[in-house]
Amino acid sequence: LTALPDGRVLALGGTEQSAAAIYDPTAGALDPTSTKPLVGRYDGASAALLSGDVLLTGDSGTVRSASAEILSVTSARHVGTADLPTGGAQHQATTLADGTVLLTGGTVSKSALGEPEYALFPARFDPKSGLFESLATTTSPRWYHTATALLDGRVLLVGSLNPFVSQGSKCVSCKTADLFDPTGALPMGVTTLKAERLGHTATLLTDGRGLVAGGTPAGSPSAFRAEIFDPATQAFVPAGPMASSRIYHPVPGDRPAAW
């Protein structure tokens, strides 16, 4: 799901890789749209640009994993962009206040043993140039995580699927969060969650804090609980139990501060 500047929400991709629909909260209706991506995408990521267009990146297939395109939801127009620095899937795309888009985490390929490799180097997309730029590394591999832009310009990366589950290793990134500065001006901050998170949501609140809710796995304590991240203290505090267990519950991405 991708929140658009006009308040509507674009749904696309998934198992029906080329399907697309737009939800209008004013009408309370979800309507199919003729605006579809050039290629179907599964486990890719999307982000709304300040222009109202949508950046589509990556795919779980080997052919399109490094591809990207810009999709217009109003004119069915497509604009080609440069490829990603590496192929990727299960990553996150986050629109920043300056209009650029930050890509974090995800898997980049399969090794000869069938093990996925992980994208440790975030990248930033500049709509003006149509190019991707590699940035400094994150502290730990993440995929199926969340990435939320905070009001101070930093991005909060939360949780992960265990990257090393087949090796029997403990998942460090499942119960941690990275506080990442795309400009590189501030050092990386790392903090610990109250519970492991996968399939959760992370939503920016109006006071600048971040609400993390649900996830890993359905029926577990964390699926019924929420916690709040405070950028001032760089710590999480419990937010109390939820009425229902929730996992993989979609919430449209937060709007950039510039909208």
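From L156, atom CG reaches atom CZ of F236 across 5.0 Å, with rounding to the nearest 0.5 Å. Rounded to the nearest 0.5 angstrom, L135 CG and L103 CG are separated by 9.0 Å. Distance check: L56 CG to L10 CG gives 8.0 Å after rounding to the nearest 0.5 Å. Taken to the nearest 0.5 Å, the OH atom of Y144 stands 3.5 Å off from the CG atom of D43. In this structure, CZ in F229 is found 13.0 Å from CG in L211, a value given to the nearest 0.5 Å. Taking CZ from F180 and OG1 from T94, the interatomic distance works out to 10.5 Å, rounded to the nearest 0.5 Å.
Criterion: ILVMFWY side-chain heavy atoms under 4.5 Å apart, direct or through other members. Under it, Y248 and M242 are not part of a common hydrophobic cluster. If you chain together hydrophobic residues whose side chains sit under 4.5 Å apart, L49 and L131 never meet in one group.
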(request) Check the pair R8, D6 against salt bridge (charged side-chain N to carboxylate O under 4.0 Å, His left out), reporting the backbone distance first and the verdict last. (result) CA-CA 6 Å; R8 297 181 300 162; D6 61 8; 2.8 Å; yes
(request) Take R142 and D178 through the test side-chain contact (heavy atoms from CB on, under 4.5 Å) and record every step on the way to the result. (result) CA-CA 10 Å; R142 297 183 185 275; D178 295 335; 3.1 Å; yes
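S160 contributes no side-chain N or O that, together with a main-chain N or O of S173, makes up a donor-acceptor pair within less than 3.5 Å. Using modelled atom types, no side-chain atom of Q92 and backbone atom of A147 make a donor-acceptor pair closer than 3.5 Å. The backbone N or O of A45 sits less than 3.5 Å from a side-chain atom of T57, completing a donor-acceptor pair. A donor-acceptor pair is defined here as one N or O able to donate and one able to accept, closer than 3.5 Å; such a pair exists between the side chain of D126 and the backbone of K128.
The two residues H91 and T104 come nearest to each other via the heavy atoms CB-O, 3.3 Å. Y23 and A29 get closest at one heavy-atom pair: CD1-O, 3.3 Å. Closest approach of P182 to G153, counting heavy atoms only: CD-O, 3.5 Å. Between P122 and L102 the shortest heavy-atom distance is CB-CD1, 4.1 Å. Nearest heavy atoms, P231 versus L150: CG-CD1, 4.2 Å. Nearest approach of V54 to S46, heavy atoms of both residues: CG1-CB, 4.0 Å.
Scored by the side chain to side chain contact (heavy atoms under 4.5 Å, CB included) test, A47 finds A93, T95, V101 as partners (sequence neighbours excluded). The side chain to side chain contact (heavy atoms under 4.5 Å, CB included) check on H200 picks up T146, V158, R197, V212, with sequence neighbours excluded.
Between the side chains of T107 and Q90, at least one donor N or O sits under 3.5 Å from an acceptor N or O.
Annotation for R225: atom CZ does not count as buried by contact number, only 12 or fewer foreign heavy atoms lying within 6.0 Å.
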